[in-house]
Each structure stands twice: as C-alpha cells, then as structure tokens.
Amino acid sequence: MKPPTDLTDAQWQAVSHAAGPLLVLAGPGSGKTRVITRRIQALVERGVDSRQILAITFTNKAADEMAARVDQLVPDNRSWISTFHRFCARMIRRHAEAVGLTPSFSILDTSDQHTLMRQTLRELDIDPVHFPPSRIAARVSRLKNDLLGPEAVQQQYERSVGDHIQAVVAQAYPVYQQLLQRSNSVDFDDLLLHVVALWQTCPELRSQYDERFRHILVDEYQDTNRAQYEIISGLSVDYPDLCVTGDPDQSIYGWRGARIENILRFEREFSDVTTVRLEQNFRSTARILRAADQLISHNTLRKPKALRTDNPDGQRVELRVFADGQQESDALARMIDQRVRSGDRKYSDFAVFYRVNALSRQLELALSRHGVPYQVAAGTAFYDRAEVKDLLAYLRLVNNPADEVAFLRIVNTPPRGIGKTTLGRLIRWARSRSMTLLDAARQARDLSVLRPRAVAAVRRFTDLIDELTPKPSDAVGDVLARIIDQTDYLLGWMDSSTEQGQQRVGNVNELLTAARQFDRSEGETASVEAFLETCSLVSDVDQLDSSSGTVTLMTLHAAKGLEFPVVFIVGLEHNLIPHERSLRENQLSELEEERRLLFVGMTRAQQELCLTQSMLRESRGRGLHTIPSDFLVEMTLQRMDDFDDDPVADLETMSTVVEPNSVRRSCRPQEQAQMRIVRGTDLLDARLETVSASVELPQGFAVGSQVRHPQYGRGTVVSLGGMSKRRTVTVEFERDARTETFVAALCPLQPIGRR
DNA sequence: TCTTAAAGGGTTTTT
DNA sequence: CCCTTTAAGA
C-alpha cells in the first residue's frame, strides 16, 4: 500500500506497521500524535475491535485531544485512551480487594501526602522541624518510583551507613504506608505501584488484561518510570503489539524517577522490534530548529539524531538582555501588546515559558498593567485553594469513611469546638481499638475521658456526616450543595465584603459548577467517587484553554507536547537555566537534562522564538547579579540589548550575531570573548557597578587562592571564567563543600592569606 | 478553643 | 519575599 498524501513515508511505516513491538523515535514537531491516532484508525480498519486498543498519554489534555481526534477517525470508537494514573485508578477500583483497599479509596494529592507524612512523624515522635515532612515524603516518593518497598529500603538501610534523613525515611516509610492503607487511600505513586503488585500477585489477572488490551500505544515513553515500565510490559507479554513513541532528547522528568533507559533499551527488551525515526519537523522555522539542534548537540549522553525541515528560514532566534526582571517583563508585555494592536498577531499566538513558577508573578503583573489577557498553568491551582480542599475533604469522607486526612482536615472546619485535646484523646482511643476515626467519633459517648461539651460537639459532627452521606443515586452537585448548606460553610463569608471573602465564595461556587457540569457530562456514570478521581488527577496544563484567546504562561516542564506561534523563554541565566540544583552535584546527567528542558521549550515555537536574560534577578526579595546561561553560547542567536529606560544605553545598543562555538567547553575564555563583541556590555557593567555598592575589587583572583565570603565563610577559588568586568569566580567553600559562582567585580569576596 | 501576631524557614520541575 | 507553622493572649 502507498502512503496517503498527508503522511510521510516514515509516518506511514509507523501507521501501517502490522504487529509486534514498534519504537517510534519522534523528533519535536514530527507529527507523532498524528501517527498514533492514524495508527489506531489503521488498526480498526484492519478489523481490530477498538476495545482491544489502549493508548496511554502523559496528561489528561493530551488524552482528551487524542480521544477527540480518534473519535473523528473511527466510527463508534471504543478504544481506551487515558493517562497512566487514570488508567491505574480504574484498574485498582476494579480490583481493590486484591491490593487491600475498597473501591471507594481516596487519592491523596501532594499536600495530603505531606499531611499524612506529618502525622506519620508525629506517631513516630520525630521532630518535623528537623525532618520536614515534605522532604521525607519526596524521598519516599522517589523510592516508590523505583519500585522499592519499605522492606527493601529497611534492608538497604541496615546494610549501608546512611545519614539521618535516610534513617528517618527508612523508619517512616513503612508507617506511612500503614497509615495510607488504614485510611483506604493511595498517593500518586501507589496508583502505579498497586497495579504493578496486581500483575505480580495475580498472574491470571495480568494475562487477562494482556489479552484484553492486545494493542497498546504509549506516548512520551522517554518519561516513563520503572513502575510504568512494569505496567506496560506486563500487558505486552502474550500480545506484544506495543507501540511506544518518544524522544530521548525530550526526557525531562529524570528528577522524579523517569528512566530514559526505558526508551533507549526498548530494542533490547523486546524481540523483533521495528524502529521508525520521524526526523522531519513540520512545526518550526528552519532557524528555530537549527538553534535547538545546535543546543542539543552539546549533550554527550545521547544518540545523535538529525533534525530537518522544509520550512522557511524565518526570523532569527533572538536573545534579549535586560537590566532587571522588571524591565524584562515590561518589555515582553509591551511587545505582545504592540504586536496585537498592529493586527500582526493575536494574544493566543504567544506563550511565555520560565524555569520556576516564582518567575510568573512579575510577568503576570506586567501583562495586567498593559491590559494583556493571559492564562497561567499555575502551581497554585484551583484545587489547592483551602476552601476547595475543605469541600473535597467532606466529599472524600462521606465517600470513604476511613479517610483520615480528610477527617482531620474538616473535623473542626468550620470551627465547631473540637480542639486539639479532644482530637488527641479521640485518636488515641481509636488507635487502641483499631477503628477508624469516624467510627470512634460516633462512639464518643463511651469515651469517659471526654468532657460533656466535647462529646456534644463530636456528636454534632458525626450526625452531620451521617446526614450528608449520599445515596448512590444522588447527583454529585446535589451532594456538594448539601455539604455547603448543612455545614454553613459560607456563613462567615457570605456577607463579608472583603475581597478574600468574595473570592472564596466565588471558588466554592466554581467547584459547585464543576460538579454540576460533571453530572451532566458523565450522565449515569457520574458518582462522587468518579468526581473525586477527576479532581485529584487534573494537572496544571489540563486547565489551560486553548480557545481562550489569551497569552499562555507556564513552566518549561509544562510546555512539553504543546506548540505556539511565538515563544518567549525568560531567565536564561546561570543557576536558573540550568537550575542551580542541577549544578550542585556536578552531575553531567543533570546538566544535560537541563539542556533537554531548554530544547523542549525552544522546539515549541512555530515561527518566532525569543530568549531573554536579565542582568539583575531578584529572588527572595534580594536582587542578584546574574551570569549568562552557558547554554547561550551553544547556539546562534541574534542578540539585542534592551535597556529602555536608559537613554545612554539605548544609543549604544546594537545587535550583533553571536556565533556559537563548536569548541569544547574547556575553551570558555574564547567563547566568552566572542560574547564580548556584543556592544553595550561594558557600558552596562559600568552601570551595574555604580548601582551596586561593591568594594573596589582585588582583581588578583587565581585558581587556588583563598577567599572569604561574608555569608559562606572561607573557601578556595577553583576556577575562573568570563572576561573583563564580567569575570566570574567559582569558589568551593569549606563549609558543606558547596560551590558557588560569582561575578568577580560584584561579589563581596575577600582574598585572604595575603596582606 | 479560637483569634491574632510574630517568627522562622524555605523555594524546581508534577501525575 | 511569601508562606507556613507556632506562640501567646482573649
């Protein structure tokens, strides 16, 4: 058969591949999603029952979009298109007893996890100040991603000499799991782990689903972790018609346990693998693609890959340098505003990416100032709001009476006179009889230690919960409305005219709307359980509305899989991109993940790409002089210095093309010399020097010389970089053996050991 | 027990 | 700088 005209040969090869493991190595913008959807169509046209097809994506948004496309291509489509986590949630719901849960189990989000870990530490009498629950929880999560259970961790700990944190982790992990199990709850990691366990403990179940899902397609395979690998390979033993697509150069989740090896080893793990490479890019201009390609070529731990396109050259990729973050955001907002006003672009053409969420605030302010509408894929999402969490906790508790996190959250919210003491007694009593907190509360009368007033308060609470417990036929929206009503949840805010109060009322109503909408869209299958599942598994990106007609702001991570006509990436500075944490351990792999992250961001751009750097970056209230990102000299960029409120700098501003340097990084000074051709830099240095009240600087730093820093103490200069006034010094400090890099002329380093 | 105030501490990325 | 957590007072 010949490929249809709208598919390339390579795409067609992947689409029409008959059976057996298929690896699609797809560069950015190479039509990967199209291949997956068309492959599903091709399978069905070949006579496959669509119910035998399972497609797994990374985000709900991707899943929904894919499902919509497949629905158009395949009449009466019954294929299962879902995210890993949602798929697993459904799986566990069905086989809950096999993993020690009931079907109404709760799914804890990150903050619930922290709460439960805090509870765990409390029970173990571990000081949460020295051992922050969030940090312990993160470590536990990491272990789970690597499929290490509590027993394995304890054994491992006994064998090796660990640090204090490790000791606490080893101790807390099993207890945390017990608390989860007792609460009939799972965290995000458990969703995956329980399914892995299911495959192991119930082989007949595994083979049953292996047969049921004959054809499996996995998107973004480079970001799967070990648990996800186990789940997928467990479904591909007897029927290994497994198609994975991904791009090792876009692997950006190593920090949370993703195993890039999964995709690199695919050809070895399965026999008779067909590999298809999609290397033609249909998304970006040639210049954007070339810059991205130049950048990623600097990764050493990589299979080389050709990226090509027939697209026109387009405009140069720009680097704009600003004096500070304020001017940076202001200039972006102004540029966007002007382009839209001139009819050149519409708001939704623009996206702004940043490395850390903290950078969004300033951008948001600037955009509002210029009247530019925007949406943020934000960390402080709707579902993190206190009032939303409260109400969802009520839903959770009436749905799953064992849910301790939910119980503890709302037992005294709104305040009803159940304080710390009462609660402590109640908990101890419940523990001694191994009953749920709610059951214990119901029997509070029998608690002789409780004061009569406390008994009455507890009684009021349990009566309330009993009253709120829904019948299966109840609509979710009605259940929620009843909760809001019966708890007098809005009482304190309804008439308050404070902005905060109004906002809360607004959020509550929004949640109610979401529930009613859920009832409508799900029809018969709508249940409190399903609604809660939907709520806990939404991600930040899922909430973006591509038809909103606004500028979109998000982190580089969230940008994966998306595309925009015009992309800005802000903050190309040392310690930001690459992030300081990737530089700490001096691990090449982490640095390279940062490079991939920038690569992902750049390749989202269709027509225009602009990177920005700010000479001054304020964080935690303090402004710090920045060092340009090392990545900047790895690509061809059009540099424009942009200091708009400074007439002198404006006069001097000129653009110069900065050529990348193919020479290895040992030749830093040379690279920096080329950067220096750029005009205005020295001028800027002069400016910054007057701004900063820095001391006259001893210029005699040499590798090996001893220095003192007011904050970090004594240290040794380990390397030098940069030129002239932007010379940088890297110092390894005695304390913690930490390493920091400073701009020599602007840092408070003092040489010691010489008079 | 609840409200309010102060201090301290922490910041990557997310299903 | 912002948020959370904890401490003191009503």
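Here is the naming used below: chain letters follow the sequence lines, and residue numbers restart at 1 for every chain. As the structure is a prediction and not an experimental result, all values here were calculated from the model.
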Would you say [N] has OP1 or OP2 under 4.0 Å from some side-chain N or O of [X]?
{"X": "Thr422(A)", "N": "dT1(B)", "result": "yes"}
{"X": "Thr555(A)", "N": "dT14(B)", "result": "yes"}
{"X": "Ser619(A)", "N": "dC1(C)", "result": "no"}
{"X": "Asn225(A)", "N": "dT15(B)", "result": "no"}
{"X": "Asn412(A)", "N": "dT1(B)", "result": "no"}

Need one value for Tyr253(A): base, sugar-phosphate or nothing, where a base atom within 4.0 Å counts as base even if backbone is also close, heavy atoms only. sugar-phosphate

May I ask you to say what Arg416(A) touches in the nucleic acid, namely base, sugar-phosphate or nothing, with a heavy-atom cut-off under 4.0 Å? sugar-phosphate

Rounding to a whole Å, what distance do you find between [X]:[atom1] and [N]:[atom2]?
{"X": "Leu553(A)", "N": "dT13(B)", "atom1": "CG", "atom2": "P", "result": "14 Å"}
{"X": "Phe599(A)", "N": "dT13(B)", "atom1": "CZ", "atom2": "P", "result": "23 Å"}
{"X": "Leu193(A)", "N": "dT15(B)", "atom1": "CG", "atom2": "P", "result": "18 Å"}
{"X": "Met117(A)", "N": "dT4(C)", "atom1": "CE", "atom2": "P", "result": "20 Å"}
{"X": "Asn357(A)", "N": "dC3(C)", "atom1": "CG", "atom2": "P", "result": "13 Å"}
{"X": "Lys560(A)", "N": "dT13(B)", "atom1": "NZ", "atom2": "P", "result": "16 Å"}
{"X": "Tyr383(A)", "N": "dT15(B)", "atom1": "OH", "atom2": "C1'", "result": "15 Å"}
{"X": "Arg581(A)", "N": "dT13(B)", "atom1": "CZ", "atom2": "P", "result": "10 Å"}

Considering only NZ, NE, NH1 and NH2 on the basic side and carboxylate oxygens on the acidic side, decide whether [X] and [Y] come within less than 4.0 Å.
{"X": "Arg259(A)", "Y": "Asp223(A)", "answer": "no"}
{"X": "Glu593(A)", "Y": "Arg596(A)", "answer": "yes"}
{"X": "Asp112(A)", "Y": "Arg396(A)", "answer": "yes"}
{"X": "Glu592(A)", "Y": "Arg302(A)", "answer": "no"}

Go through [options] for me and flag the one nearest to the [X] side chain.
{"X": "Pro415(A)", "options": "dT13(B), dT3(B), dC2(C)", "answer": "dT3(B)"}
{"X": "His557(A)", "options": "dT15(B), dT14(B), dT1(B)", "answer": "dT14(B)"}
{"X": "Arg118(A)", "options": "dC2(B), dT13(B), dT6(C)", "answer": "dT6(C)"}

Are Arg93(A) and Phe105(A) in a cation-pi setup, meaning NZ or CZ lies under 6.0 angstrom from the ring centre and within 45 degrees of the ring axis?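 The answer is yes; both the distance and angle limits are met.
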
Given that Lys420(A) and Val538(A) both sit by DNA chain B, which one's nearest nucleotide is further toward the 5' end?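 Looking at DNA chain B, the more 5' nearest nucleotide goes with Lys420(A).
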
Judged by each residue's nearest nucleotide on DNA chain B, which is more toward the 5′ side, Ala558(A) or Ala454(A)? Ala454(A)

Quick test of the criterion, 5.5 Å between centres and less than 30° between planes. Is Trp255(A) stacked on dT13(B) or not?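 Stacked: ring centres under 5.5 Å, planes under 30°.
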
By salt bridge (charged side-chain N to carboxylate O under 4.0 Å, His left out), which residues pair with Arg369(A), not counting sequence neighbours?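 Expected list: Asp330(A).
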
